[in-house]
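Step one of this worksheet: look at the structure below.
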There are 2 protein chains.
Amino acid sequence: MSVFKPLDPLLHSQLRLAVMSLLISVEEAEFTFLKEKTEATAGNLSVQLDKLEKAGYIGIEKSFKGKRPLTTCRITQAGVKAFEEYVENLRNYIE
Amino acid sequence: MSVFKPLDPLLHSQLRLAVMSLLISVEEAEFTFLKEKTEATAGNLSVQLDKLEKAGYIGIEKSFKGKRPLTTCRITQAGVKAFEEYVENLRNYIE
DNA sequence: TTAAAATAGTTTATAATGTAAACCAATTTA
DNA sequence: TAAATTGGTTTACATTATAAACTATTTTAA
């Protein structure tokens, strides 16, 4: 795409991009935090987190907070790199 | 979506965004020009131009250049506004 | 004490979307 | 005059996004 470099389809998705945007600044976030901030449904969020994990862009750790399940996410180095590249490529479209 | 304003799905598409990006600067472009610049297939481009037109974001004029068909596109005011809003909203995700 | 509601998710079904392949019609080239 | 090129459109298919339905546990209320 000449000046229009391809945009990583994994990141070019509203919800996944929002999640990555959050994770890149906090470096660790619970499922419920992401759900509140993105205002996504739990189901949708769950699916998108899976995809990001399978891509190696985030790590997901499942544990317990007291007796309730707790899902903690953090961005990986590959995730940071992919995000930065995505943003860089995107600039050619919007500037 | 709190700080994450919804991204116009019509613009949140690589090819359509590239087209809008081109049209916003040139204000008039032929089908073949858009095809070259975006490196899209003709079929894909045709479909996406249709969508942008139906949304009122671009105008499409069909005529003839000599004896060959000629499709000319230009962005509308609604298109400019939508694009600017999209970019504005997107910033919250990537900055 | 037990039924209802809330929490914290996952799985699944469906609709929407993006894309290339196939196609059409005319024109140019060999 | 047959083959290739131009300038597209239509259609079929695979991928994606999303909500709805579901599971499992825990807390609250009657």
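The sequence lines fix the lettering, A, B, ..., with proteins before strands; numbering per chain opens at 1.
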Is the backbone of A:Leu22 close enough, under 3.5 Å, to the side chain of A:Ser25 for a donor and an acceptor to pair up by distance?
yes

Can you list everything that forms a side-chain hydrogen bond (donor to acceptor under 3.5 Å, both in side chains) with B:Arg68? Sequence neighbours excluded, please.
none

With a 4.0 Å limit, can you tell me whether B:Thr41 has a side-chain N or O closer than that to the phosphate oxygens OP1/OP2 of C:dA20?
yes

What is the distance from CG of B:Leu11 to C1' of C:dG18, rounded to the nearest Å?
15 Å

Chain B footprint on DNA chain D, 5' to 3' - any atom under 4.0 Å from a heavy atom:
D:dT6 to D:dT11

Taken to the nearest whole Å, CD/A:Gln48 to C1'/C:dG9 is 15 Å

Side-chain donor-acceptor pairs of residues 46-53 of chain A under 3.5 Å, sequence neighbours excluded:
{"from": "A:Gln48", "atom 1": "OE1", "to": "A:Arg16", "atom 2": "NH1", "distance (Å)": "2.5"}
{"from": "A:Gln48", "atom 1": "NE2", "to": "A:Asn44", "atom 2": "OD1", "distance (Å)": "3.0"}

Atom pairs under 3.5 Å: protein N/O with N/O of nucleotides 12-17 of chain C:
none

Distance-only donor-acceptor hits, side chain of residues 80-89 of chain A, under 3.5 Å, sequence neighbours excluded:
{"from": "A:Tyr86", "atom 1": "OH", "to": "A:His12", "atom 2": "ND1", "distance (Å)": "2.7"}
{"from": "A:Asn89", "atom 1": "ND2", "to": "A:Pro6", "atom 2": "O", "distance (Å)": "3.4"}

Qualifying residues under side-chain hydrogen bond (donor to acceptor under 3.5 Å, both in side chains), relative to B:Gln77, sequence neighbours excluded:
none

Test ring-ring contact (aromatic ring centres under 6.0 Å, His included) applied to A:Phe31 - qualifying residues, sequence neighbours left out:
none

C:dA8 C1' sits how many Å from A:Asn44 CG, rounded?
16 Å

With a 4.5 Å cut-off on side-chain heavy atoms, are A:Leu11 and A:Tyr57 touching?
yes

DNA chain D contacts among residues 20-34 of chain B, heavy-atom distance under 4.0 Å:
B:Phe31, B:Thr32

Residue set satisfying side-chain contact (heavy atoms from CB on, under 4.5 Å) with A:Lys62, at least two apart, ordered chain then number -> A:Ile60, A:Thr71

Taking side-chain contact (heavy atoms from CB on, under 4.5 Å) as the definition, give me every residue that meets it alongside A:Arg74, ordered by chain and number, with sequence neighbours left out.
A:Glu28, A:Glu61, A:Thr72

Do A:Thr38 side-chain atoms and A:Leu34 backbone N/O form a donor-acceptor pair below 3.5 Å?
yes

DNA chain C-proximal residues of residues 59-71 of chain B, any heavy atom under 4.0 Å
B:Lys67, B:Arg68

Is there a donor-acceptor contact under 3.5 Å from the side chain of B:Tyr93 to the main chain of B:Lys5?
yes

B:Ala78: which residues meet the side-chain contact (heavy atoms from CB on, under 4.5 Å) condition with it, sequence neighbours left out?
B:Thr76

Hey, quick one: are A:Val26 and A:Leu70 part of the same hydrophobic cluster, counting side-chain heavy atoms closer than 4.5 Å, chains of contacts allowed?
no

